[in-house]
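Structure first, commentary second.
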Amino acid sequence: MEILVFKTNVTSKKKVSVVAPLLTSFPTIRQWNFDLDDCDKVLRIEATGLNPGSVEQLLLMAGFNCQELV
């Protein structure tokens with residue numbers, strides 16, 4: 001199990017509800033959450049064998065910026 005951390009521009013619970021079905025569609029994602037109070041609007045994902053680029057691309061297609069923090 002690994003934890004991936006992303007900087008996003010998802011700024012509200014309403015926007016999280018747009019992204020939620022996309023994230024739950026990934027079978028390798030065990031858990032995910034947004035920290036909307038953080039200045040980077042952090043998305044944390046607990047998953048196995050997940051390519052960070054696929055998460056970035058998924059959110060980009062939904063109209064949001066997303067960049068892995070390393």
What are the two closest non-hydrogen atoms of S54 and F26, and how far apart are they?
OG-CE2, 3.9 Å

Connected via hydrophobic side-chain network under 4.5 Å: I45 and L36
yes

Is it true that L69 and I3 fall in one hydrophobic cluster, defined by side-chain heavy atoms closer than 4.5 Å?
yes

Using side-chain heavy atoms (C-beta onward) and a distance below 4.5 Å, is V55 in contact with L50?
yes

Are any non-hydrogen side-chain atoms of N65 and T8 less than 4.5 angstrom apart?
no

Nearest non-hydrogen partners of V10 and K41, listed with the distance:
O-CB, 3.4 Å

I would like to know whether E68 and V5 meet side-chain contact (heavy atoms from CB on, under 4.5 Å); could you show each step before the answer?
CA-CA 6 Å; E68 183 181 21; V5 181; over 6 Å; no

Looking at E56 and F6, what are the two nearest heavy atoms and their distance?
CG-CE2, 4.0 Å

Please report the interatomic distance CD1(I29) to OG1(T48), rounded to the nearest 0.5 Å.
10.5 Å

Evaluate the side-chain proximity of T24 to W32: yes if any heavy-atom separation is below 4.5 Å, no if none is.
yes

Taken to the nearest 0.5 Å, the spacing of L60 CG from C66 SG works out to 9.0 Å

Please say whether more than 12 non-hydrogen atoms of neighbouring residues, nucleotides or ligands are located less than 6.0 Å from CD in Q67.
no

Taking the side chain as every heavy atom from C-beta outward, state whether V19 and L58 have any pair of such atoms under 4.5 Å apart.
no

Taken to the nearest 0.5 Å, the spacing of L59 CG from N9 CG works out to 8.5 Å

Would you kindly say whether S17 and K13 are connected by a side-chain donor-acceptor distance under 3.5 Å?
no

M1, CE atom: more than 12 neighbouring heavy atoms under 6.0 Å:
yes

Verify same cluster id: V42, F64 (apolar side-chain graph, 4.5 Å):
no

With rounding to the nearest 0.5 Å, note down the distance linking CG in L43 to NZ in K7.
14.0 Å

